[in-house]
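One structure is given below, encoded as structure tokens.
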Amino acid sequence: MTNSTLTKPKVGMYENVMKQFEKAADKLNLDPGVRKILATTNSEIVVNFPVKMDNGEIKTFTGYRVQHNNALGPYKGGLRFHPTVDIDAARALAIWMTWKTSLAGLPFGGGKGGIQLNPKEYSSTELERITRRFTYALGDNIGPDLDIPAPDVNTNAQIMAWISDTYASTKSPATRFNNLHVVTGKPMGSGGLAGRDRATGYGVVVTIALWAQKNNYDLKGKTFIVQGYGNVGYWTAHFLSQLGAKLIAAQDASATLYNKDGIDVEALQDHSIGYKDQIIGFEGASEIPSEDFFGLDCDIIVPAALGNQITAENAENIKAKLIAEGANGPTTTEGEDILLKRGVHVIPDILCNSGGVIGSYFEWLQNKRSEIWKQDEVLELINDKISIAYEAVHKMAEEYDTDMRNAAYLVALKRLEQTYKERGVFP
Ligand code: GLU
């Protein structure tokens, strides 16, 4: 059974991020000038470009890159390949990146983009040409000190390698290796960072463990469900099951699977890899209707797919104690109001999934310094940075007597406000 909420294009992500921003800006009494600046995106690049398909036919594609704000450093954020990519989604996702990098204490701003397409409809050779031609069309709008893309929904290390190679190939041969870090999330043989593949899921579980510690909650034997079994969903399930929690349901665009006795996380991943990245057909669980997913009896929900999944329509049915947002923007403001009233805790996306961009920062540093770092060190560094951000959010939530999302925004906005206060606005 196809899950329509994961295949149907979403609207209103920009509206969602702006509502979250307004709430925090009011609470903080944010400087009116800074408020105007942060409510605006710096640049919005839309490119239309042609690509030759395997059968010789020419198709045209539309790609986006929105650069929201670079007060703290180069724009940073992923590129997604998905039918829901449009200017509204790219704007919202770029804005979330600005808050995320600010909260994590990174020297980056926020950007996001991608191509509106369903990658499952194209061969690998077609995807390579689409990626390379998109990179060429973006030209000098990206760069290692200007705007640094990374993987996001349906993009991976291979796609980053093609972007890096295309970008470097259009520069002079002498500077070729100074340009590797135009993207992060590259494969290990192409300047990638050990551990970047698992960084987001690892970070999600670090935040869940910190939440459990603060709330005297024993994760052993607790049940969890995961929406999206891609990079974030799988690695979250992997690390969370290592802490003794049990995966009992998973959902992606192809199916919703349930097994009250537990789903073998690694077997499901092996199945999905062998089945075009889809969980449908896995024998270790049964299929249930997609609309039953969020209301399942479980302790923790990890939305790790697309935006606008937990809404006013389904928030009342949620039985879990905790939502850990592996995806960007999975909860609408209306959905969240209901959750908060019902005492459900939410670890907000800009904190919960920040392990990915923190890992990217270390990859960027590794490339700038021409070094090769070890995975254990990398995971330790991510753990440190995300724990500092978590503590800052926790303290802010107490100080301002507010929820975790609002507190995360307050930390992020204060840092940006401080920067503008110190530097002023040119000229
Ligand atoms: N796409 C990821 C995110 O939404 C990672 C971004 C990055 O590493 O730049 O945070």
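Whatever order the structure lists ligands and atoms in, that order sets their numbers, starting from 1. Positions are given from 1, in the same order as the sequence printed here. All figures in this text were calculated on a predicted structure; none of them were measured in a lab.
- Taking only nitrogen or oxygen atoms, main chain and side chain alike, I148 does not reach within less than 3.5 Å of ligand 1.
- Contacts between N328 and ligand 1 below 4.0 angstrom, taking non-hydrogen atoms only, involve the side chain exclusively.
- Closest to atom 8 (O) of ligand 1 among all protein heavy atoms lies S360 OG, 2.5 Å.
- Classified by interplanar angle (parallel below 30°, tilted 30° to 60°, perpendicular above 60°), the ring pair Y409/W99 is tilted.
- One finds no salt bridge joining D147 and K112 here, because no Lys/Arg side-chain nitrogen approaches an Asp/Glu carboxylate oxygen to under 4.0 Å.
- The protein atom (non-hydrogen) at minimum distance from atom 1 (N) of ligand 1 is D152 OD1, 2.7 Å.
- Between H238 and W235, the two ring planes are perpendicular [angle over 60°; tilted spans 30° to 60°].
- A salt bridge is absent between E417 and R35: the closest approach of a Lys/Arg side-chain nitrogen to an acidic carboxylate oxygen does not fall below 4.0 angstrom.
- A cation-pi geometry, defined here as NZ or CZ lying under 6.0 Å from the six-membered ring centre and within 45° of its normal, holds between K222 and Y217.
- Interface of M97 with ligand 1, defined as ligand atoms under 4.0 Å from a residue heavy atom, comprises 3 (C), 4 (O), 6 (C), 10 (O).
- Those atoms of ligand 1 that come under 4.0 Å of a heavy atom in G78, given as number and element, are 1 (N), 6 (C).
- Ranking protein heavy atoms by distance to atom 9 (O) of ligand 1, first place goes to K76 NZ, 2.7 Å.
- Between F134 and V51, every side-chain heavy-atom pair lies at or beyond the 4.5 Å cut-off.
- Looking only at heavy atoms of the protein, atom 4 (O) of ligand 1 is closest to K112 NZ, 2.8 Å.
- Among all protein heavy atoms, the one lying closest to atom 10 (O) of ligand 1 is K100 NZ, 2.6 Å.
- Of the protein's heavy atoms, R196 NH2, 3.7 Å lies nearest to atom 5 (C) of ligand 1.
- The closest non-hydrogen atom to atom 2 (C) of ligand 1, taken over A104, G77, G329, P151, comes from P151.
- Taking the six-membered ring for Trp and the full ring otherwise, the centers of F61 and Y122 sit less than 6.0 Å from each other.
- Residue N353 places no N or O, backbone or side chain, under 3.5 Å from any N or O of ligand 1.
- The pair K19-E15 meets the salt-bridge criterion, with a side-chain N (NZ, NE, NH1 or NH2) lying under 4.0 Å from an Asp/Glu carboxylate O.
- For ligand 1, the atoms closer than 4.0 angstrom to any heavy atom of G356 are 8 (O).
- Closest protein heavy atom to atom 7 (C) of ligand 1: A150 CB, 3.3 Å.
- Counted by atom type alone, N328 and K100 present one or more donor-acceptor pairs between their side chains at under 3.5 Å.
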